[in-house]
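Residue numbers begin at 1 in each chain, while the letters A, B, ... track the order of the sequences. Please read all numbers here as calculations on a predicted model, not as lab measurements.
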2 protein chains.
Amino acid sequence: MKNKITLKELAKLLNVSVSTVSKALHDSSEISPKTAERVKELAKLHNYRPNPIAVNLKSSKSGTIGVIIPNIANSFFASVLWGIEAKAQKAGLQVITYISDESLEREQQITDMLTSGFVDGVLIAVSEETNHKKQYDHLFGLIDYNIPVVLYDRVSFDFPADKIGIDDEQTFEDATNLLQAKGLKKIGVAISIHHLGVGKLRIKGYRNALASMDDFYIANSSKPETLKTKIKKLLLEDKVEAILCADFESTMLVYRLAYENGIRIPEDIKVIGFIQGGVAKLLTPSISYVEQFPEQIGEEAVDLLVDRIEKKLTDEKPINKTVFTKLMHLESTVF
Amino acid sequence: MKNKITLKELAKLLNVSVSTVSKALHDSSEISPKTAERVKELAKLHNYRPNPIAVNLKSSKSGTIGVIIPNIANSFFASVLWGIEAKAQKAGLQVITYISDESLEREQQITDMLTSGFVDGVLIAVSEETNHKKQYDHLFGLIDYNIPVVLYDRVSFDFPADKIGIDDEQTFEDATNLLQAKGLKKIGVAISIHHLGVGKLRIKGYRNALASMDDFYIANSSKPETLKTKIKKLLLEDKVEAILCADFESTMLVYRLAYENGIRIPEDIKVIGFIQGGVAKLLTPSISYVEQFPEQIGEEAVDLLVDRIEKKLTDEKPINKTVFTKLMHLESTVF
DNA sequence: CTGAAAGCGCTTACAG
DNA sequence: CTGAAAGCGCTTACAG
């Protein structure tokens, strides 16, 4: 049951002043090699570690960044957090996590508390509610208090801060184009998150690619039963030749309905899913998927934030970064 | 661009002392109602918030707990974190997350740094490497520094701290018994994590239930190809009547191999998977699964830790808690 | 080369 | 009822 030893106690044991001990431990040139030696030896013996809280108070830095996550059960965000952690560790920063649970009110509570000085900077993916209600006052609150902010992933709105996201629109456009290039005409989309910002972008990308077409085939609903009915229509009546599934739920429904109705993947229909590689590879048949690089988003977000905190970027305009995606071909798009 | 206002500045504006301001804001009975009023008004006007770092330094508390997570990509741990967050927020604690990435060395770095006083307490699920090498010195290091520790989820080793986990052994035993009670004789297990602590417990539970039997049917390998071969043997040669899948990967392999070999679920074989409900419901056919309650583990872990931090439990022996699981019947076990 | 002093922003026992 | 003082554990400009 050791108790943490302080500078003062160390000084007393050594019969020198607190200042001397502090300087010795910081390799100050003011201190004689002999004293420095003595001090360091005893410090090591007692396993002295400066009290980080006291150091923070002196330096007016917390050595800490806040990360606001809308939904940690979403493995995308879990991976982003992983990237954040890894980078923060290298930068010697502690990461305090907050989960907004997609709630604006909770997000406001969090940012409000952060203005009191817990953290040196904030990484945030805004909640869906925030996005939907377009309420960003609490984010401006952070800026008012001079707390650097970096937006990650959910970045499609106007706000004066560095941003790092994925180009969902482009990704979907590319995927659609690719299927067209293979000669497919009737390409559909299944989506349960069409009401979310990211969902809208994905649909937009799909529409961009098919701009010259007359017909879009979109099965969209956040209600499983309705979505099921709409997907069934795509499969049985419209007889689409390919389906882009914009999320996990719609992917699984497409698989199920194809199976139940004797439609073979990929013989009768090609399928691409916006889902995690780990799951994509294990489905039967394995499904071609869009690989995202969430860890990279986390890492670059920390880089941006650190630059702002260290004022390397003072007065520079907000930076916009995009992390690319990659279409991975598995069994479901074999031609 | 506001800058945080301090007690001192507030005092100057009001022409009173810092002590008076501080006391007024804490509703001290020493202060006249009139002064208290004036102080509070100005404080509100300037949106005064005490600098948490200074408060921490005075109180020798950090108001912060550290959470060590082996692997955040594992949705089980992501959900535990969710529970931790929710409870910590209610308790007014900040959560600093650390990811050990299943590495002993990384875990040692983390615990080592935590002894310097960043946090008031630590929640940890030890890494697999730690578990495997049975190296717990760094955890004793925390204890030495009087930092309360609570172990969550990975608790099957001897260590003097509060623990909260899942009874994996019992859960698997129950699931096996249930299948037996339905008259099934040949029950197999597919598992890719048999070398991990939790995997061993699951196998043990299975063996317990079948203690009176001569034959166990276990397909175990961390290599997908080998696991595939072994599962195939269970399905085609042993012709087991049911399979318990101990993890996500083995579950997906069983589904795939059953499909490829014309074995129908549940008509020809019953399947139970140790996977997340969200995925279980979307598989074709939906798979009966063991529901765990990771949020609850997180919540109870915080409760235990807070009690220790507040010394409610001084000198009491370590507490062992278990969160129960629930078998959810879906299509894959329809009789 | 060493140490006394001031200060980071707060709280609280004590004096008046 | 108010304020001066000490102190939490550190750092650093300044004096000697």
Inset, instruction - Please check the phosphate of D/dC10 (OP1 and OP2 only) for any side-chain N or O of A/Y48 closer than 4.0 Å. - result: yes
Inset, instruction - May I have the distance from A/K61 (atom NZ) to D/dT11 (atom P), rounded to whole angstrom? - result: 17 Å
Inset, instruction - Could you list by number each residue of residues 49-59 of chain B showing a heavy-atom separation from DNA chain D of less than 4.0 Å, or answer none if no residue does? - result: B/L57, B/K58
Inset, instruction - Could you list the residues that satisfy side chain to side chain donor-acceptor pair (under 3.5 Å) with A/T35, not counting sequence neighbours? - result: A/S32
Legend entry - Pair B/K40 + B/D27, salt bridge at N-O below 4.0 Å: yes
Legend entry - Whole angstrom value for the distance that separates P of C/dG3 from NZ of A/K12: 15 Å
Inset, instruction - May I have the distance from B/I31 (atom CD1) to C/dT11 (atom C1'), rounded to whole angstrom? - result: 13 Å
Inset, instruction - For DNA chain D, find the residues of residues 115-122 of chain A with a heavy-atom distance under 4.0 Å and give them by number; none if there aren't any. - result: none
Legend entry - First encountered from the 5' end of DNA chain D, between B/S60 and B/T35: B/T35
Inset, instruction - Confirm from the modelled atom types if B/S17 and D/dA4 form a donor-acceptor pair under 3.5 Å, side chain to base only. - result: no
Legend entry - Integer-rounded Å distance: D/dC10 C1' and A/H26 NE2: 9 Å
Inset, instruction - Only pairs at least two apart or in different chains count here, so list each side-chain hydrogen bond (donor to acceptor under 3.5 Å, both in side chains) that has a residue in residues 73-87 of chain A. - result: A/S75-A/Q276, A/E85-B/T97, A/K87-A/D303
Legend entry - Side chain B/S62, main chain B/F118, donor-acceptor under 3.5 Å: yes
Inset, instruction - Answer with base, sugar-phosphate or nothing: what part of the nucleic acid does B/S22 contact at a heavy-atom distance below 4.0 Å? - result: base
Report all interatomic pairs (protein N or O, nucleotide N or O of nucleotides 14-16 of chain C) with separations under 3.5 Å.
none

Legend entry - Presence of salt bridge, B/E128 and B/K134, under 4.0 angstrom: no
Legend entry - Minimum-distance nucleotide (side-chain atoms of B/T20 versus C/dG3, C/dT11, D/dG3): D/dG3
Legend entry - Whole-Å gap separating C1' (C/dT2) and CG (A/N15): 13 Å
Legend entry - salt bridge (charged side-chain N to carboxylate O under 4.0 Å, His left out) contacts touching residues 48-76 of chain B (sequence neighbours left out): A/D112-B/R49
Legend entry - C/dT2 OP1/OP2 closer than 4.0 Å to side-chain N/O of A/S32: yes
Inset, instruction - Check side chain to side chain donor-acceptor pair (under 3.5 Å) between A/T64 and all other residues, then give those that pass, not counting sequence neighbours. - result: none
Inset, instruction - Could you name each residue pair satisfying salt bridge (charged side-chain N to carboxylate O under 4.0 Å, His left out) that touches residues 28-37 of chain B, not counting sequence neighbours? - result: B/K23-B/E30
Legend entry - Whole-Å gap separating C1' (D/dC10) and NZ (A/K8): 11 Å
Legend entry - Nearest-Å distance once atom P is located in both C/dG7 and D/dA4: 15 Å
Legend entry - Under 4.0 angstrom between A/S19 side-chain N/O and D/dT12 OP1 or OP2: no
Legend entry - Which nucleotides of DNA chain D pair, in dot-bracket form (Watson-Crick or G-U under 3.5 Å, | meaning another strand): |||.||||||||.|||
Legend entry - Where at least one partner belongs to residues 124-144 of chain A, residue pairs that pass ring pair (Phe, Tyr, Trp, His ring centres under 6.0 Å), sequence neighbours excluded: A/Y136-A/F157, A/F140-A/F159
Atom pairs and distances, side-chain donor-acceptor, residues 65-73 of chain A, under 3.5 Å, sequence neighbours left out:
from  : atom 1 : to    : atom 2 : distance (Å)
A/N71 : OD1    : A/A73 : N      : 2.9

Legend entry - Interatomic distance where CG belongs to B/L25 and C1' belongs to C/dG9 [whole Å]: 13 Å
Inset, instruction - For a side-chain contact (heavy atoms from CB on, under 4.5 Å) with A/S17, tell me which candidate from A/N15, A/T20, A/V21 qualifies. - result: A/T20
Inset, instruction - Send over the distance from A/E9 CD to D/dC8 P, rounded to a whole Å. - result: 10 Å
Legend entry - B/E107 (side chain) donor-acceptor with B/S127 (main chain) under 3.5 angstrom: yes
Inset, instruction - Without swapping roles, check the side chain of A/S59 against the backbone of A/V55 for a donor-acceptor pair under 3.5 Å. - result: yes
Inset, instruction - Please work out if A/V18 contacts a base, only the sugar-phosphate, or nothing of the nucleic acid, heavy-atom cut-off 4.0 Å. - result: base
Inset, instruction - Can you sort out the partners of B/I147 under side-chain contact (heavy atoms from CB on, under 4.5 Å), two or more places apart, ordered by chain and number? - result: B/V122, B/L142, B/Y145
Inset, instruction - May I have the step-by-step check of side chain to side chain contact (heavy atoms under 4.5 Å, CB included) for B/L14 and B/V39, ending in yes or no? - result: CA-CA 7 Å; B/L14 289 160; B/V39 171; 3.9 Å; yes
